[in-house]
Amino acid sequence: MAAEVSRAESASPACSTSSLPLAALNVRVRSRLSLFLNVRTQVAADWTALAEEMGFEYLEIRHLEMQADPTGKLLDYWQGRPGASVGRLLELLTKLGREDVLVDLGPSIEEDCQKYILKQQQEESEKPLQVPAVDSSDPRTPERGGITMLDDPLGAAGWWWLSLMIICKARNVTSRLSSRSASLQVPIRSD
């Protein structure tokens, strides 16, 4: 009885790792998983059965058959799909009856997941402390919100006058440059 309990504990990693993305699994675990599933046998489910359970279509599976490591490519492709997680992978392996894989790789999967969690926590602690909203030093008052051209005391004439002043300055600069044998190309509108 005690042997059955310890086998069940080693076969399935802790529940905290079930929602982790598949990226938590390192190359070592993926390559060992490939060693188990790349072999086509009649007595155990292989990578094609796993691909069907993951929701891959016939043509996608046929494409994966041409790969040197179909299980590795399958995991890579599945990783980008919604719902792909370490926990879901373990559920599918259990559903396919691959307890041998779970018993052998369970501790390694748990170790990879713990490393991933620690790395995420470390990256989170190294981020600078920031507030969620970007704010400026100007006071937030209702009268400062939404100033338009119509709010200008000079109205549209003020904007016209400003644009005319910019054009005059540009012409003045270009005339000074042309007197010194230099040129400046400034497009001037004739509105």
Does atom CD of E123 have more than 12 heavy-atom neighbours from other groups under 6.0 Å away? yes
I need the R88 CZ to L93 CG distance, nearest 0.5 Å. 10.5 Å
Rounded distance [0.5 Å steps], OH in Y77 versus NE2 in H63: 4.0 Å
I109 side chain reached by L89 side chain, heavy atoms, under 4.5 Å: no
Can you tell me if N26 uses its side chain to pair, donor with acceptor, with the backbone of D112 under 3.5 Å? no
Joint hydrophobic cluster, I117 plus L25, side-chain heavy atoms closer than 4.5 Å: yes
Identify the two heavy atoms, one from P21 and one from V86, that lie closest to each other, and give their separation to 0.1 Å. O-CG2, 3.5 Å
Stepwise, does the side-chain contact (heavy atoms from CB on, under 4.5 Å) test hold for W78 with L50? CA-CA 11 Å; W78 189 55; L50 181 62; over 6 Å; no
Is L37 close to R98 at the side-chain level, that is, under 4.5 Å between some pair of heavy atoms? yes
Residues in side-chain contact (heavy atoms from CB on, under 4.5 Å) contact with A23, at least two apart in sequence or another chain: Q79
Nearest heavy-atom neighbours spanning L22 and S85: CD1-O, 3.9 Å
Check side-chain contact (heavy atoms from CB on, under 4.5 Å) between R32 and all other residues, then give those that pass, not counting sequence neighbours. F36, D104, L105
Residues two or more places apart in sequence or in another chain: which of them pass salt bridge (charged side-chain N to carboxylate O under 4.0 Å, His left out) with K95? E53
Just checking, is any N or O donor in the side chain of E110 or Q114 under 3.5 Å from an acceptor N or O on the other one? yes
Using the test side-chain contact (heavy atoms from CB on, under 4.5 Å), find all partners of A49 that sit at least two apart in sequence or belong to another chain. A45, D46, L96
Would you please name every residue forming a side-chain contact (heavy atoms from CB on, under 4.5 Å) with Q122, sequence neighbours left out? E126
Could you work out, with side-chain hydrogen bond (donor to acceptor under 3.5 Å, both in side chains) as the rule, every residue matching S31, not counting sequence neighbours? none
Among residues at least two apart in sequence or on other chains, which ones pass side-chain hydrogen bond (donor to acceptor under 3.5 Å, both in side chains) with K115? E111
For residues 65-83, which residue pairs qualify under salt bridge (charged side-chain N to carboxylate O under 4.0 Å, His left out), counting only residues two or more places apart or in two chains? R30-D76, R40-E65, E60-R81, R62-E65
Residue pair L92 / M54: nearest heavy atoms and the distance that separates them: CD1-CG, 3.7 Å
Here the pair of heavy atoms bringing I61 nearest to W47 is O-CH2, 3.6 Å
